[in-house]
Amino acid sequence: MEPVLEVKDLNISLKEGCNTYKAVENVSFSIGKGQTLGIIGESGSGKSLTCMAILGLLPADVWDYDAEIVLNGKSLPFRDNKAMRGYRGTDIALIMQNPMSAFNPVMTIKRHFEETLAAHKNWNKNQIKAAALEMLSQMRIKNPETVYNSYPFQCSGGMLQRIMIALAVIMEPSVLIADEPTTALDLTVQFEIIKLINQMRKKYNTSVVIVSHDLNVIAGIADEIAVMYSGFIVEQAPAEEVLNSPLHPYTAGLFRSRPSYSKERLSEISGQPLSLKQRNSMCMFSERCPLKGEGCSNFEMLAHKVSDDHFVRCCAKEMTKTSA
Ligand SMILES: Nc1ncnc2c1ncn2[C@@H]1O[C@H](COP(=O)(O)OP(=O)(O)OP(=O)(O)O)[C@@H](O)[C@H]1O
Ligand SMILES: [Mg+2]
C-alpha cells in the first residue's frame, strides 16, 4: 500500500544560547490510507514535538529540526510557514492536547467554523452553517444549533473535544493527527471520543496518528504502534504484535503497569526518564531497565529488526535476532 504520510529521520533539538539539546532523534514512520498509527510513551518522550514538527508548528527560534516529510508523494515544505498554511486543515489536521487552548475564547463556535472554512472553501455563511451543523450532529452533539452559537467557555471539555474533531474533519484531510485527544476527559467520554475518531476515519478513509500515554486508548484503535522513550521510537510493529509480544523492556513495563480488572497490584517502572540536558546517545532506559546487562550503558540506540515490520532499540540478546 502506498503510504499517505511518511516521516523520515525526524530530529529535533532545543536551542538554548550556544547549546542545543536533542529532544527527538531519528524518528521515522509511515501510514497507509485509512490506517491508524498509535504513538505511546510517557510524559516528555517527544510525542507532541513530533506532531507539531509534521505540521511545521515548532517555532524556529526555539527548535532546530530536520526531516523529510512526504504527504501523498510530495515533500512537505514544513519550514515555510506560509506554504504550510495551504496544507494545514485541508490535507493534514491536528487535534490538540488541550481543547480549551485551541479555541479563541472571544469567538463563538460559529466564527471558528467560518474562519476554518472561509480560508479554504468558497462557501457562503449558510453553506458553512449547514456543513457545520451536519458535522456537529455526526459528533453526537444533541443541540448543534445552540452549540454553534455558543462561546467555548459555555461548552464542557468533552463537547469542546467533539467540536475540535468536527473542525478537524470537516475539511476531509488525508491525515488527522490527534495529540492526546482524550486527556482530561472522564472515562466514558474518552471512549466515546475514540469511537468518533474511528468512525470518522472509516467514513473519510483518513489516515490517523493518535498519541496517548494511555495504552488502553491506543490498543483499541491502532493498526501499528510506535513506543517512544526519551525522544526515540524504542519499539514499533503492527499493533497486535506489540500488544501480544512486547519486546522492549520499556514497552513490557508499560504493559505491566496497565490497569486491569484484577486485584493484583500494578507494577511501576521505577525511576525517572532523563531530562533533555541529561541525555546522551547511549541507551537512556538502561538506568531503569530490569534487563540491564553488561554493555547496556554503552549501547547506542540503534534499531534492530526483529522481523520485516517490527523493530526495537535494545541490545538485550533475546530481542535481537538480526541487526537493521
Ligand atoms: N518550549 C519548551 N522549552 C523547553 N523544553 C521543552 C519545551 N517544550 C517541550 N520541551 C521538552 O521537550 C521534551 C518533549 O516534550 P513533548 O511535549 O514532545 O513531550 P510529550 O511526549 O508530548 O509529553 P506529554 O505526554 O506530557 O504531553 C520534554 O522533555 C519537554 O520538557
Ligand atoms: Mg504532549
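Whatever order the structure lists them in is the order used to number ligands and atoms, beginning at 1. A quick note: this is a predicted structure, and the numbers were derived from the prediction, not measured.
- Ligand 1 has no N or O atom lying under 3.5 Å from any N or O atom of H213, backbone or side chain.
- Using a 4.0 Å cut-off between heavy atoms, L276 contacts ligand 1 through its side chain alone, with no backbone atom that close.
- The six-membered or imidazole ring of H248 lies away from that of F232, with a centre-to-centre distance of 6.0 Å or more.
- At a threshold of 4.0 Å, the pair K129-E145 counts as salt-bridged, since one of the basic side-chain nitrogens sits closer than that to a carboxylate oxygen.
- Heavy-atom proximity to S48, at under 4.0 Å, picks out these atoms of ligand 1: 17 (O), 18 (O), 20 (P), 22 (O), 27 (O).
- Nearest protein heavy-atom neighbour of atom 26 (O) of ligand 1: S43 OG, 2.5 Å.
- Heavy-atom distances between G41 and ligand 1 stay at or above 4.0 Å for every pair.
- The distance criterion of under 3.5 Å between nitrogen or oxygen atoms is met by G46 with respect to ligand 1.
- P173 approaches G89 most closely through the heavy-atom pair CB-O, 3.7 Å.
- For the pair L5 and I54, the minimum side-chain heavy-atom distance is below 4.5 Å.
- The side-chain heavy atoms of M159 and I141, taken from C-beta on, include a pair separated by under 4.5 Å.
- The protein heavy-atom contact nearest to atom 12 (O) of ligand 1 is L49 CD1, 3.7 Å.
- Contact of the K74 side chain with the N72 side chain is not registered, since no non-hydrogen atoms from C-beta on lie closer than 4.5 Å.
- Using a 30° and 60° split on the angle between ring planes, Y148 and F113 fall in the tilted class, from 30° to 60°.
- With a 6.0 Å radius and a threshold of 12 heavy atoms from other residues, nucleotides or ligands, K125 has its NZ atom at or below the threshold.
- Between T50 and M228 there is a side-chain heavy-atom pair separated by less than 4.5 Å.
- For atom 2 (C) of ligand 1, the nearest protein heavy atom (residue, atom name, distance) is W63 CZ2, 3.7 Å.
- Here R79 pairs with D66 in a salt bridge; the nearest charged N to carboxylate O distance falls below 4.0 Å.
- Put simply, atom 14 (C) of ligand 1 has protein non-hydrogen atoms near it, under 4.0 Å away.
- Protein heavy atom in closest approach to atom 27 (O) of ligand 1: Q97 NE2, 2.8 Å.
- The shortest heavy-atom distance from M228 to ligand 1 is not under 4.0 Å.
- Where the criterion is an N or O separation shorter than 3.5 Å, residue side chain and backbone included, V62 fails it with respect to ligand 1.
- Counting only heavy atoms of the protein, atom 23 (O) of ligand 1 lies nearest to G44 N, 2.8 Å.
- In this structure, L14 has a heavy atom closer than 4.0 Å to ligand 1.
- Under the 4.5 Å side-chain criterion, counting only non-hydrogen atoms from C-beta, L57 is in contact with L94.
- Which parts of ligand 1 touch S45 is read off a 4.0 Å heavy-atom cut-off, strictly below it: atoms 19 (O), 21 (O).
- Atom 25 (O) of ligand 1 has its closest protein heavy atom at K47 NZ, 2.8 Å.
- Distances from the Mg ion (ligand 2) show that S43 has no N/O/S atom below 2.8 Å.
- Using a 4.0 angstrom heavy-atom cutoff, Y229 does not count as in contact with ligand 1.
- Comment: R279 does not engage E25 in a salt bridge, judged by the lack of any side-chain N to carboxylate O separation of less than 4.0 angstrom.
- Using a 4.0 Å threshold on non-hydrogen atoms, atom 17 (O) of ligand 1 counts as touching the protein.
- Of all atoms in ligand 1, numbered sequentially from 1 with element shown, those under 4.0 Å from a heavy atom of E180 are 25 (O).
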